[in-house]
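Positions are given from 1, in the same order as the sequence printed here. In what follows, every heavy atom counts, from backbone to side chain, and hydrogens, waters and symmetry copies are set aside.
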Amino acid sequence: MANVPSKPSTPVKKESSSSSGIFATLAIPLCIVVAILIFVFILGHPSHYKGGDAANEPVDIFGTVHKGGPIVPVIISFLLMVIVFSIERFIVIGKASGTGNVDAFVRKVQSFLNAGNIEAASAECDKQKGSVANVIKSGLKKYREIEADQNMDTEQKALAIQKDIEEATALEMPMLEQNLTIIATLVSIGTLCGLLGTVVGMIGAFSELATSGAPNQAALSSHISEALINTALGIFTSALSIIMYNFFTSKIDKLTYAIDETGFSIVQTFASSHK
């Protein structure tokens, strides 16, 4: 029995994990620095306070957010990370989807397979590009390579094609899923930091109430405002993270389903035409 090749017949283009790691390493501290600059120079600008003094009451939303305290720039940095990594994933997954509609591409390839036109199906992969096309083209090349192999029966050949498609898929998936764990982590961290800001603000508010005599109403309202601002920012960051994570995972699931569907068609076509 001939050994089944352990590598895909066609090298699959994929994003380097080291490049993705470098991007994350640079993006995270950059977001933190930008968030601090926004907090200090934009939100904390004197024009956002009465009389141009940050000790007074804020006159707009920027000053109000600045009153949220030192946890605000932390949450803003998380929000910037969600935006940056979402843009990066949108570009990568967009390239992986290819130049045309994935569903239309799958239907075309299946029609060519049903007609026994492997060359036309391979040419369609060249036009589409992207992860689905890369994997399917690998399977089609394996289809042609083992078709003339006399040392394997039809079942072994079909298994070899299936294994080649599975290995090519395994090379593509890490590229699609890179940095999604960061977005998923920000779902929890955003909420927790918002709650931390809430607790800090409420501690300050109760400290004012605990002082002897009448509490300072301005200081009391400032601490309550701090608590609510951090809560709102944390919830917004977490909500955006959830939306973007679910959006990207659904796009990846769609690509995976397209690969599985077309790969199954290739194997079935080979098995039925070589009985």
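Side chain of Ser138 to backbone of Asn134: no donor-acceptor contact under 3.5 angstrom is found. In terms of modelled atom types and a separation under 3.5 Å, the side chain of Ser272 and the main chain of Thr269 share a donor-acceptor contact. Side-chain atoms of His48 come within 3.5 Å of backbone N or O of Ile42 as a donor-acceptor pair. A donor-acceptor pair under 3.5 Å is formed between the side chain of Asn230 and the backbone N or O of Gly68. Not a single donor-acceptor pair under 3.5 Å links the side chain of Ser97 to the backbone N or O of Val102. Using modelled atom types, one side-chain atom of Ser241 and one backbone atom of Thr237 make a donor-acceptor pair closer than 3.5 Å. Without hydrogens or angle criteria, Thr191 side chain to Ile235 main chain gives no donor-acceptor distance under 3.5 Å. Here the side chain of Ser122 pairs no donor or acceptor atom with the backbone of Ile118 at under 3.5 angstrom. The closest donor-acceptor contact from the side chain of Ser77 to the backbone of Val74 lies under 3.5 Å. Remark: the backbone N or O of Gln110 is paired with a side-chain donor or acceptor of Asn114 at under 3.5 angstrom.
In plain terms, the two heavy atoms of Leu43 and Tyr49 that are nearest each other are O-CE1, 4.3 Å. Residues Asn179 and Ala24 approach most closely at OD1-CB, 4.0 Å, considering heavy atoms.
Between Phe90 and Phe247, the angle of the ring planes stays under 30°, which puts this pair in the parallel group of the 30/60° scheme.
A salt bridge between Glu145 and Lys142 is present, with a side-chain N of the basic residue lying under 4.0 Å from a carboxylate O of the acidic one. Lys67 has no carboxylate O lying under 4.0 Å from a charged side-chain N of Glu57, or vice versa, which leaves the two without a salt bridge.
Here the side chains of Gln178 and Glu88 are not in contact, with every heavy-atom distance at 4.5 Å or above. Looking at Leu140 and Cys125, their side chains come closer than 4.5 Å, going by heavy atoms from C-beta outward. Looking only at side-chain heavy atoms (C-beta outward), Phe105 and Val109 come within less than 4.5 Å of each other. Taking the side chain as every heavy atom from C-beta outward, Asp153 and Gln156 approach each other to under 4.5 Å. Between Thr154 and Phe270 the shortest side-chain heavy-atom distance falls below 4.5 Å. Using a 4.5 Å heavy-atom cutoff, the side chains of Thr256 and Leu176 are not in contact.
Neither Phe112 nor Tyr143 shares a network with the other; the hydrophobic side chains, linked directly or stepwise wherever heavy atoms of I, L, V, M, F, W or Y lie under 4.5 Å apart, form separate groups for each. Clustering ILVMFWY residues whenever any of their side-chain heavy atoms sit less than 4.5 angstrom apart, transitively, puts Phe85 in the very cluster that holds Val33.
Contacts of Ile83 classified as side-chain contact (heavy atoms from CB on, under 4.5 Å), with partners at least two apart in sequence or in another chain: Leu79, Ile87, Leu240. For Lys108, the salt bridge (Lys or Arg N to Asp or Glu O under 4.0 Å) partners at least two apart in sequence or on another chain are Glu124.
Atoms CD1 and OH, from Ile182 and Tyr245 in turn, are 12.5 Å apart once rounded to the nearest 0.5 Å.
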Passes side-chain contact (heavy atoms from CB on, under 4.5 Å), Ile183 versus Leu180? Steps please. CA-CA 5 Å; Ile183 297 177; Leu180 275 184; 4.3 Å; yes
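Residue Ile242 belongs to a hydrophobic cluster whose other members are Val187, with links defined by side-chain heavy atoms closer than 4.5 Å.
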